[in-house]
Structures are given as structure tokens and as C-alpha cells.
Amino acid sequence: MSHDADALVLATATRTEKVKITFRIPCKPGETWVAVVGADVTSRLAKFLRPPVGGKKNGNATIEIERAERSLVLVGGGQRMAIPVCDPMLEETAAPGAGEAISVMQAHDLASRIADAMTFCKPAYHALVKGPFVYFAAVDNGLAVPVVVATDKHRLFVDGDARDCADVKFAFQVLGDDWKAATKAMVVSFDSVRLVRTQVPQPAEEDGKKPHEKWLTRLVFETADRRVEVTVAEPETLLPHWADFLPHETAEPDLSVSCDRAEPAAAVKASKGAACMLRPDPTGTSVLDGGR
């Protein structure tokens, strides 16, 4: 938590620091300071800061925050609360070096596309289904996301044309466990999205062998008052060619079935994990048998 010239900045991260979220709350100019708030008191802080949301409509909600030696003193709405804080610790590990930041064009809905794909994944299962794969293709002035793909090894989710993923520049996986931590902060439509790649410093050469380069890659979503960084990973498994799952040509089907959407859902539920069979009826209708 920090106070700069014109905003109160709240920054948090998961334990693995694979997801980082920053909020900016505009405020009057004041003294600049930085404080670390413990995880056990963040909910109390959030509840105390909630009144300014209503103040945007009524114009009468004001909170004063004073940085004391070992605490933050908050006063507002007839209440006073002191929260224990400490100074930030200096980073002992070397930070990633300079890298590249590439704009992702027309990606205001990328967060919702990933969220939709995430429902088809099982993060604790197999590497292939730990999270969606996001494909990046080179376009003028940046990158585009032609395809977002996810699977639980039984179902396939494809957002975009899967045949466009053959000539992509990057393919990264957004792991489901990391995404859950950012879900509540991703409900807005972001103004900009960037793919940021920075090189991680490696030890010096040993026995004449140069260590392999390592990169930290993040998707950075931003609005005027919100910033979410999600670390993405190189796929842990060989990616199949997703276009092979889809027909390249469309022809008249041998059998066409029309039914209400609720019917197959009810049959699958009745099967309780067993097979669900679609049986054509010579009279022109079709019958769904669940659990047989």
C-alpha cells in the first residue's frame, strides 16, 4: 500500500507472485509514503475503504489516512481505526532484466474470453488441461489473439478460428490456479493489454557451459484505476494441432438431430457418469438414453 502525489495505491499478489493486482484510488495531494499491510488485516482495510464508493454518488464520503511509525491511522464516517504496518523489505533476488512489451490489439474482452475457456479446464489434473492456451499472432503495431483454446480431455473449447493457430508467434498457457486469484479483479473491460517478456538473470557459466535463457512472461491488463498482471507459462506438453479437431470441409450430414438443449443435459445427468447414447427413431424423432 502506498500514497503518491494524487492517488492511494493498493497492490497485492498471490504467494507465488504469479498474479499481481494494483488498484488506484484518486485522492488529494499529500505526503508520499509506502507501507506493507499484513494479509490478516487486509479485509478490515477493504471494509473501511468501502465508503468512498458511495461517496462518488453523494460527494460526502471522506477518509483521512495518516502514516504513523508502525501503523496506518484511518479516520472517516465517525470511525477511527489503526492498522499495524511495516516498511517494505528490500528485494534480495535479482530482478528480471530489460525485455519487451508488446501491445495486444483489440483485446478489451480477452479477460472474459480466458474466463469462459477456464470453465473447460481441470487445473489439478493433467498438464494439457491445467488452463487455456492463448495464441498470439503478429499484426501491425503489435499482437492479436486469434484463438483461445481449452480442454478437459473430453470436451474442446475454441474461441476463434482454430485454423488460424498454425502461424502464430507465441503460444502460452494461463494456469487455472493462478487465474482464480485474479477472477474478481477481471470483471471489468480493460482499456489495454500487453504481453511483457523480461529475461531472468542466470548464474555465470560453469564448466564452460552457458546456462539456458529464462524468460518471465506476463499478461498485463490495465484501466485508469486498475492493473492486473498474470504470469503465463510455456506449455508443459506438446500442443496438438487444434484444427485437427474441427472439420475442414462442410457437407450434408448423414444424420441430422434437433432437440431441446435441456434434453441432452438431463440425459447426461441421469447417466451419473456412465455413457449417454443418442438413438435415432424410425418415426423421425430421436431418443436420448441415459445410463444404459
Side-chain angles (χ1 to χ4, degrees), residues 1-30 32-39 41-59 61-63 65 72 74 76 83 85 88 96 99-118 131-132 134 136 142-145 148 172 174-198 216-232:
M1 183 174 182
S2 63
H3 185 290
D4 58 22
D6 59 355
L8 182 69
V9 181
L10 305 177
T12 184
T14 58
R15 292 180 180 178
T16 60
E17 295 193 351
K18 290 186 177 181
V19 176
K20 299 180 180 180
I21 306 172
T22 302
F23 298 93
R24 290 179 60 86
I25 303 175
C27 63
K28 293 182 179 180
T32 300
W33 48 261
V34 179
V36 177
V37 180
V41 295
T42 51
S43 59
R44 293 170 55 199
L45 174 63
K47 290 180 180 179
F48 202 97
L49 293 175
R50 196 169 297 169
V53 176
K56 293 180 180 179
K57 298 180 180 179
N58 305 323
T62 302
I63 290 180
I65 303 178
L72 280 181
L74 298 89
I83 295 179
V85 298
E100 59 179 348
I102 313 173
S103 296
V104 182
M105 314 306 293
Q106 299 178 347
H108 62 278
D109 63 341
L110 180 57
S112 61
R113 293 175 68 188
I114 295 175
D116 290 342
M118 195 65 69
V134 183
F136 296 90
L143 299 171
V145 180
V148 177
F172 294 107
V174 183
L175 300 185
D177 290 337
D178 300 333
W179 186 261
K180 290 179 182 178
T183 299
K184 292 184 178 180
M186 305 294 279
V187 296
V188 300
S189 178
F190 288 87
D191 298 330
S192 65
V193 181
R194 291 177 293 130
L195 182 70
V196 180
R197 302 178 71 240
T198 50
L216 174 65
T217 307
R218 292 159 291 153
L219 276 175
V220 180
F221 300 81
E222 287 185 300
T223 64
D225 62 351
R226 186 173 307 192
R227 175 189 176 101
V228 180
E229 298 184 17
V230 180
T231 301
V232 295

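Between the CG atom of Leu143 and the CG atom of Leu195 there is a distance of 6.0 Å, given to the nearest 0.5 Å. Rounding to the nearest 0.5 Å places CG of Leu175 at 6.0 Å from NZ of Lys18. Distance check, rounded to the nearest 0.5 Å: CZ of Phe221 to NE2 of His108 gives 12.5 Å. Distance CG/Asp116 to CG/Asp109: 9.5 Å, rounded to 0.5 Å. The CG atom of Leu72 sits 4.5 Å away from atom CH2 of Trp33, with the distance rounded to the nearest 0.5 Å. Residue Leu10 holds its CG atom at 11.0 Å from NE2 of His3, rounded to the nearest 0.5 Å.
Here the side chains of Val174 and Val230 are in contact, with some heavy-atom distance below 4.5 Å. Looking at Leu219 and Phe172, their side chains never come closer than 4.5 Å, going by heavy atoms from C-beta outward.
Smallest separation of non-hydrogen atoms from Lys20 and Ala13: CG-CB, 3.9 Å. The minimum heavy-atom distance between Gly142 and Ile102, with the atom names listed, is CA-CG2, 3.9 Å. Closest approach of Met118 to Pro132, counting heavy atoms only: CE-CD, 3.4 Å. When all heavy atoms of Val196 and Ala101 are compared, the closest pair comes out as CG2-CB, 4.1 Å. Residues Val148 and Ala117 share a closest heavy-atom pair of CG1-CB, 3.9 Å. For Arg218 against Thr231, the heavy-atom pair with the smallest separation is CG-OG1, 3.8 Å.
For Ala107, the side-chain contact (heavy atoms from CB on, under 4.5 Å) partners two or more places apart in sequence, or in a different chain, are Val104, Leu110, Val193. The ring pair (Phe, Tyr, Trp, His ring centres under 6.0 Å) search around Phe136 returns none, not counting sequence neighbours. The side chain to side chain donor-acceptor pair (under 3.5 Å) check on Thr223 picks up Asp225, with sequence neighbours excluded. A search for side-chain contact (heavy atoms from CB on, under 4.5 Å) contacts involving Ala144 returns Val139, not counting sequence neighbours. With sequence neighbours left out, the salt bridge (charged side-chain N to carboxylate O under 4.0 Å, His left out) criterion links Arg194 to Glu222.
The closest donor-acceptor contact from the side chain of Ser2 to the backbone of Val34 lies at 3.5 Å or more, if one exists at all.
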Evaluation steps, side chain to side chain contact (heavy atoms under 4.5 Å, CB included), between Ile65 and Leu8
CA-CA 10 Å; Ile65 303 178; Leu8 182 69; 3.7 Å; yes
Could you go step by step and tell me if Val232 and Val134 meet the side chain to side chain contact (heavy atoms under 4.5 Å, CB included) rule?
CA-CA 9 Å; Val232 295; Val134 183; over 6 Å; no
Got a list of side-chain donor-acceptor pairs under 3.5 Å for residues 22-30, not counting sequence neighbours?
| unit_1 | atom_1 | unit_2 | atom_2 | d |
| --- | --- | --- | --- | --- |
| Arg24 | NH1 | Asp4 | OD2 | 3.2 |
| Arg24 | NH2 | Asp6 | OD1 | 3.4 |

